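Just below is one structure, and these are the notes that go with it.
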Amino acid sequence: MRYRWMTLADVSQVHAIDQLSFSMPWPERSYQFELTQNENSILWVAEALPEQPGVPPRITGMIVVWLVVDEAHVATVAVHPDFRGLGLSKKLLALGLRTALLRGAIESTLEVRASNLVAQKLYEQFSYHVVAQRPRYYRDNNEDALLMTVKGLGPAYLQWLDTMLSDV
Ligand SMILES: CC(C)(COP(=O)(O)OP(=O)(O)OC[C@H]1O[C@@H](n2cnc3c(N)ncnc32)[C@H](O)[C@@H]1OP(=O)(O)O)[C@@H](O)C(=O)NCCC(=O)NCCS
């Protein structure tokens with residue numbers, strides 16, 4: 001598995017993962033916008049490298065983090081269903097937060113569906129905790145969002161992220 005910045009060439013595969021992962025996926029043009037128009041957007045992908053020569057690499061996961069002044073907002077993160085449970089999202093989140101921290105982020109926020117316990121467990125490992133509940137935030141099923149935050153991103157947190165990424 002390799003981790004690198006997202007490029008425009010990745011968008012169709014990224015969009016396919018988005019469609020497999022969310023009931024309200026982003027349109028492809030949103031990723032194109034993030035890549036070309038939003039200089040505060042941090043976009044990483046995970047990519048499985050082929051064992052046989054001639055086979056193209058396959059995008060397996062992605063993350064988008066918006067750096068809003070000193071806050072890193074995790075806009076989306078998803079892993080292809082065939083590659084879940086292998087630790088990819090932990091690497092992607094660590095890479096997104098590391099980039100944001102190095103660019104000045106001191107805290108991070110995100111919204112997560114109240115029913116999405118897998119994602120909540122992931123975020124808790126990164127010291128996010130629930131600070132608010134947004135009733136009927138998701139339009140498709142009126143589900144509540146939990147607003148999760150981690151504060152105090154600093155040298156110790158960066159060191160912890162580096163440990164997480166030591167084999168990347
Ligand atoms: C949430 C998601 C990104 C996790 O990706 P992943 O690469 O499978 O997760 P990882 O293998 O890196 O696991 C990270 C942590 O998530 C939790 N987790 C992962 N799979 C889990 C499962 N099946 N059951 C419970 N917890 C699980 C664990 O805390 C895990 O850490 P651990 O392995 O140390 O216990 C993935 O399930 C996904 O794409 N879901 C659909 C999109 C989504 O919900 N995105 C988040 C939106 S807020």
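Everything numeric in this text was worked out from a predicted model, so none of it was measured. Both counts, for ligands and for their atoms, begin at 1 and track the order of listing.
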Verify side-chain hydrogen bond (donor to acceptor under 3.5 Å, both in side chains) between Thr149 and Glu107, making sure each step is shown before the conclusion. CA-CA 7 Å; Thr149 297; Glu107 63 180 65; 5.6 Å; no

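Distance check: Leu20 CG to His80 NE2 gives 5.0 Å after rounding to the nearest 0.5 Å.
Side-chain contact between Leu97 and Phe126 is present, with at least one heavy-atom pair separated by less than 4.5 Å.
Partners of Arg103 according to the side chain to side chain donor-acceptor pair (under 3.5 Å) rule, which considers only residues two or more places apart in sequence or in another chain, do not exist here.
Using a 4.0 Å heavy-atom criterion, the residues that approach ligand 1 are Ser21, Phe22, Val77, Ala78, Val79, Arg84, Gly85, Leu86, Gly87, Leu88, Ser89, Lys90, Glu111, Val112, Asn116, Val118, Ala119, Lys121, Leu122, Tyr123, Gln125.
Tracing side-chain contacts under 4.5 Å through hydrophobic residues (I, L, V, M, F, W, Y), one reaches Tyr128 starting from Leu122; they form part of the same cluster.
The six-membered or imidazole ring of Tyr3 lies away from that of Trp44, with a centre-to-centre distance of 6.0 Å or more.
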